[in-house]
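The structure appears below as structure tokens.
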Amino acid sequence: MTDKQAKIKNAIAIGTLCATSYLAIYYARNILSAVTPQMIEKEGFSTELIGSVSSVYFVLYAFGQLINGMIGDRVKARYMISFGLVFAGICNFLFSRFAGEALVAHIVYGLTGFFLSMIYAPMTKVVAENTDPIYATRCTLGYTFSSFFGTPLAGAAAMVMTWQGVFFSSSTALLLMGILCFIIFLFFEKKGIVRYNQFQRKNEGKTGGIRLLIQRKIILFTFISVLTGIVRTSVVFWMPTYLAQYLGFSTEHAALIFTISTFIISLTPFVSVFIYEKIFHFQMERTILCAFSLSAVFFLLVRLIALPAINIALLALAIICSGIAASMLYSRYCPSLRDTGMVSSATGFLDFVSYMSAAFANTVFANAATSIGWGNLILVWFGLLATGAIVCLKDGLRPSQTPNISI
């Protein structure tokens, strides 16, 4: 076996494990959204309570990303990922049993978010440091796809099971994947497929690392993380409720439409590859500018066109376009930071601001849907993406200064 073949084989092995683990994570992350109409209609839960619980989840997930991202640059991914999956599975199960107790529900579901935050940043660090750049981006696209595909998977589960059954299935998946990850990562380490600390953290003093990240446009990508986090998390979270309340579909039909729509949305990472490579010729900033611009246009059309079939299609297109920007952020920008030795910290920070924004937006959207109505809320979404396009205009109109890595 040649050196290139060995690298490809190892990248496939690492990428497959990460993508499978991430599918379990995003299945668990999206089930509350998928079963919300069922919980409201059949169990009497309030929209405000579910919005509050989900916001606590996002806050703890966000702070967990920040904390665990820094820890992930120092602790083996085997411990971070496997322990995070197992403890999240336990908390997810407890939520299904105590959802009716408001205080307990907030605590256990919030802890689910914290434990799930132990996975992504260390996982990205492992991929970035143990595969060549071209394969690293492929691997991250794999688990980015899993992050999107977890949504229709949760929707499908909500169609055939009670909400308690959906939570039980996700808890089982998390526990099994946690055990499996521990065993496989241990095997990878013994075989030399996964090694740690190959790139030393570049601090250059207390503020040197921060200056280095600023030079690599961390401020711009922080803003991009905020906007894409709101859309891919909060907007998608409320999509089943939007379908039921604004477009008037039954709970069952809303779940079906949500499943089909999010399955199509899950193809976003592959769409982003085509646009990035074939249309913009590896110009990341231009790809992001185009994505934000089209997303804003589609959200505006969602507000203007009320015909359900067209409305749903336009909403899906708006989310897909925002997802393209997110794919560039996590599959292209974050792995490019491996030479800084701060992949996990930077990724954790970007996820932190993404989910803090989502937590705030989730509470606002829950109240806004009642106070200003879904129609005006759609205009808020349009405004957010239009702002993103404006902010990215300068960088998007000039050649990329980020090292191009063909994917």
| Counting distance only, does the side-chain N/O of Ser250 pair as donor-acceptor with the main-chain N or O of His253 below 3.5 Å? | yes
| Ring centroid separation Phe115 to Phe87 under 6.0 Å | yes
| Value rounded to 0.5 Å, distance of CD in Gln38 from CD1 in Ile40 | 11.0 Å
| Do Ser169 and Tyr27 have side-chain atoms, one donor and one acceptor, less than 3.5 Å apart? | yes
| message | Ignoring hydrogens, what is the shortest heavy-atom contact between Gly388 and Leu227? Give both atom names and the distance. | response | CA-CD1, 3.2 Å
| query | Around atom CZ of Phe360, are there more than 12 heavy atoms of other residues, nucleotides or ligands at under 6.0 Å? | reply | no
| task | Please check if any side-chain donor atom of Tyr61 sits under 3.5 Å from a side-chain acceptor atom of Asn68, or the reverse. | result | no
| Okay, side chain of Ser344, backbone of Gly69: is any donor-acceptor separation there less than 3.5 Å? | yes
| task | Check the surroundings of atom CZ in Phe98: do more than 12 heavy atoms from other residues, nucleotides or ligands lie under 6.0 Å from it? | result | no
| Are any side-chain N or O atoms of Ser96 and backbone N or O atoms of Phe168, one a donor and one an acceptor, separated by less than 3.5 Å? | no
| request: Kindly determine whether Ile288 and Tyr333 satisfy side chain to side chain contact (heavy atoms under 4.5 Å, CB included), including the steps that lead there. | output: CA-CA 11 Å; Ile288 294 172; Tyr333 176 72; over 6 Å; no
| Within the 6.0 Å centroid threshold, strictly below: Tyr242 and Tyr246 | yes
| task | May I have the step-by-step check of side chain to side chain contact (heavy atoms under 4.5 Å, CB included) for Phe167 and Phe93, ending in yes or no? | result | CA-CA 6 Å; Phe167 272 98; Phe93 174 76; over 6 Å; no
| request: Measure across Leu247 and Pro308 and return the closest heavy-atom pair with its distance rounded to 0.1 Å. | output: CD1-O, 4.5 Å
| Would Phe270 and Phe274 count as a close aromatic pair, with their ring centres under 6.0 Å? | no
| Any donor-acceptor pair under 3.5 Å from Arg303 side chain to Gly375 backbone | yes
| task | With side chain to side chain contact (heavy atoms under 4.5 Å, CB included) as the test, would you mind laying out the steps for Ser261 and Met239 before giving the verdict? | result | CA-CA 10 Å; Ser261 299; Met239 191 176 177; 3.6 Å; yes
| Is the side chain of Ser331 donor-acceptor paired with the backbone N or O of Met328 at a distance under 3.5 Å, no angle test? | no
| message | Check whether Asn311 reaches the backbone of Ile305 with its side chain - one donor and one acceptor, N or O, closer than 3.5 Å. | response | yes
| Would you say the ring centroid of Phe114 lies under 6.0 angstrom from that of Phe63? | no
| message | Looking at Phe263, I'd like to know if its CZ atom is crowded, meaning that more than 12 non-hydrogen atoms belonging to other residues, nucleotides or ligands lie closer than 6.0 Å. | response | no
| query | What do the steps show when you test Asp73 against Tyr196 for side-chain hydrogen bond (donor to acceptor under 3.5 Å, both in side chains), and what is the final call? | reply | CA-CA 9 Å; Asp73 275 326; Tyr196 299 100; over 6 Å; no
| field | Pairs meeting criterion salt bridge (charged side-chain N to carboxylate O under 4.0 Å, His left out) with involvement of residues 15-33, two or more places apart | value | none
| message | I'd like to check Val59 versus Val56 (side-chain heavy atoms, cut-off strictly below 4.5 Å). Are they in contact? | response | no
| said: With salt bridge (charged side-chain N to carboxylate O under 4.0 Å, His left out) as the rule and sequence neighbours excluded, what pairs involving residues 234-261 come up? | reply: Lys42-Glu252
| Under 3.5 Å, side chain of Ser266 to main-chain N/O of Phe149, donor-acceptor pair present? | no
| query | Under a 4.0 Å N-O cut-off, is there an ion pair linking Arg195 with Glu189? | reply | no
| query | Do the side chains of Leu393 and Leu289 get nearer than 4.5 Å, heavy atoms only? | reply | yes
| So how far is it from Ile310 CD1 to Leu304 CG, rounded to the nearest 0.5 Å? | 12.0 Å
| query | Taking all non-hydrogen atoms of both residues, which atom of Trp163 and which atom of Ala99 are closest, and how far apart? | reply | CH2-CB, 3.6 Å
| message | When you compare the side chain of Phe258 with that of Ser33, does any pair of heavy atoms fall below 4.5 Å? | response | yes
| Side-chain contact, heavy-atom cut-off 4.5 Å: Ile320 with Ile264? | yes
| request: Kindly indicate, with the supporting measurements, whether the criterion ring-ring contact (aromatic ring centres under 6.0 Å, His included) is fulfilled by Phe282 and Tyr276. | output: CA-CA 5 Å; Phe282 307 104; Tyr276 174 63; 5.5 Å; yes
| field | Side chain to side chain, Phe382 and Val297, heavy atoms closer than 4.5 Å | value | no
| query | When you measure from the side chain of Thr20 to the backbone N and O of Thr16, does any donor-acceptor pair fall under 3.5 Å? | reply | yes
| What distance separates Cys290 SG from Ile324 CD1, expressed to the nearest 0.5 Å? | 7.0 Å
| field | Point-to-point distance, once rounded to the nearest 0.5 Å, from OG of Ser21 to CD1 of Ile119 | value | 8.0 Å
| query | Would a distance-only check, ignoring hydrogens and angles, find a side-chain to backbone donor-acceptor pair under 3.5 Å from Thr112 to Val108? | reply | yes
| remark: Shortest non-hydrogen pair, Ser293 vs Ala389, comes out as OG-CB, 3.6 Å
| query | Mind checking whether Pro240 and Thr36 have side chains closer than 4.5 Å, heavy atoms only? | reply | no
| task | For Leu111 and Leu60, work out which heavy atoms get closest and say how close. | result | N-CD1, 3.9 Å
| request: Could you check Leu220 against Cys392 for side chain to side chain contact (heavy atoms under 4.5 Å, CB included), going step by step and ending with a plain yes or no? | output: CA-CA 8 Å; Leu220 173 64; Cys392 294; 4.2 Å; yes
| message | Donor-acceptor pair, distance only, cut-off 3.5 Å: does the side chain of Ser354 make one with the backbone of Val226? | response | no
| message | Would you compute the distance between atom CG of Leu350 and atom OG1 of Thr228 and round it to the nearest 0.5 angstrom? | response | 9.0 Å
| query | Quick one: does Leu377's side chain get under 4.5 Å of Trp381's, heavy atoms only? | reply | yes
| said: Could you check whether atom CZ of Phe182 has more than 12 heavy atoms from other residues, nucleotides or ligands sitting under 6.0 Å from it? | reply: yes
| request: For the residue pair Tyr330 and Asp351, confirm or rule out a side-chain donor-acceptor distance under 3.5 Å. | output: yes
| At their closest point, which heavy atom of Thr268 faces which heavy atom of Gly323, and how far apart are they? | CG2-C, 3.4 Å
| said: If you define the side chain from C-beta out and look only at heavy atoms, does anything of Asn92 sit under 4.5 Å from Ile31? | reply: yes
| remark: In this structure, CD1 of Ile184 is separated from NZ of Lys191 (nearest 0.5 Å) by 14.0 Å
